[in-house]
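Because the structure is a prediction, the values reported are computed rather than measured.
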Amino acid sequence: QVQLVESGGGLVQPGGSLRLSCVASRSIVSLNALGWYRQTPGKERELVARITSGGTVTYGDSVKGRFTISGDNANNTLYLQMNSLKPEDTAVYYCYAQIFIYSRLDYWGQGTQVTVSS
């Protein structure tokens, strides 16, 4: 089993920055992809950033040029650096891991709230 725990959310003013962290309970074997998704009430969860085990990175259109996904493999940690934050970035941000061992397994963190407001 794998547990993902997000941290780093909070209240920030428009134009500010935050860095989210996601720590896995153990190193992940047979990893396909890692990512960050976000969700607001009444809306579907949407892609923020995703990185494959091969290093391919995909960003949601609304965050391109402002957010950066990265990882520290030695510490089982995934990061999301968020710059130039806008009110529309307000959401619960979830860490995601996709693993394939004998079948596909999806793991989600509990989420961390990001609120962008003046």
Audit row: Y96, Q98, side chain to side chain donor-acceptor pair (under 3.5 Å) steps and yes/no: CA-CA 7 Å; Y96 168 78; Q98 182 184 106; 2.9 Å; yes
Walk me through whether L80 and T68 qualify under side chain to side chain contact (heavy atoms under 4.5 Å, CB included). CA-CA 6 Å; L80 181 69; T68 303; over 6 Å; no
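A side-chain donor from one of R50 and Y37 sits under 3.5 Å from a side-chain acceptor of the other. Remark: the N83 side chain and the S17 side chain contain an N/O donor-acceptor pair separated by less than 3.5 Å. Inspection of the S62 and R38 side chains reveals an N or O donor paired with an N or O acceptor under 3.5 Å.
Counting heavy atoms from C-beta on, the side chains of T90 and E88 never come closer than 4.5 Å. Counting only heavy atoms from C-beta outward, the side chains of Y94 and Q39 approach each other to under 4.5 Å. At least one side-chain heavy atom of P14 sits less than 4.5 Å from a side-chain heavy atom of P87. Using a 4.5 Å heavy-atom cutoff, the side chains of C22 and T77 are not in contact.
Atoms CZ and OG, on F100 and S30 in that order, are 9.0 Å from each other to the nearest 0.5 Å. Distance OG/S53 to CD1/I99: 11.0 Å, rounded to 0.5 Å. Atom OG of residue S27 and atom CG of residue N73 lie 8.0 Å apart, to the nearest 0.5 angstrom. S7 OG to R19 CZ: the interatomic distance, rounded to the nearest 0.5 Å, is 9.0 Å.
The two residues D89 and S84 have their closest heavy-atom pair at OD2-O, 4.4 Å. Considering every non-hydrogen atom in both A97 and L34, the closest pair reads CB-CD2, 3.6 Å. Taking every heavy atom of both residues into account, K64 and Y59 meet most closely at CE-O, 3.3 Å. Nearest heavy atoms, A24 versus V2: CB-CG1, 4.4 Å. Counting all heavy atoms, side chain and backbone alike, L20 lies closest to M82 at CG-CE, 3.7 Å. When every heavy atom of L4 is checked against every heavy atom of C95, the shortest pair comes out as CD1-O, 3.9 Å.
The aromatic ring centroids of Y93 and W36 lie 6.0 Å or more from each other.
Criterion: ILVMFWY side-chain heavy atoms under 4.5 Å apart, direct or through other members. Under it, L31 and I51 are part of a common hydrophobic cluster. Hydrophobic clustering of Ile, Leu, Val, Met, Phe, Trp and Tyr side chains at less than 4.5 Å, counting indirect connections, unites Y107 with V48. Cluster annotation: V57 is connected to V63 through the hydrophobic network of ILVMFWY side chains, with a link wherever side-chain heavy atoms come within less than 4.5 Å.
E6 places a side-chain N or O within 3.5 Å of a backbone atom of G111 that can act as its donor or acceptor partner. At least one donor-acceptor pair closer than 3.5 Å links the side chain of S25 to the backbone N or O of Q3. The backbone N or O of V116 sits nowhere less than 3.5 Å from a side-chain atom of Q13 that would complete a donor-acceptor pair.
More than 12 heavy-atom neighbours from other residues, nucleotides or ligands sit within 6.0 angstrom of CG on D106.
A side chain to side chain contact (heavy atoms under 4.5 Å, CB included) with L78 is found for exactly one of D72, V23, I69, namely I69.
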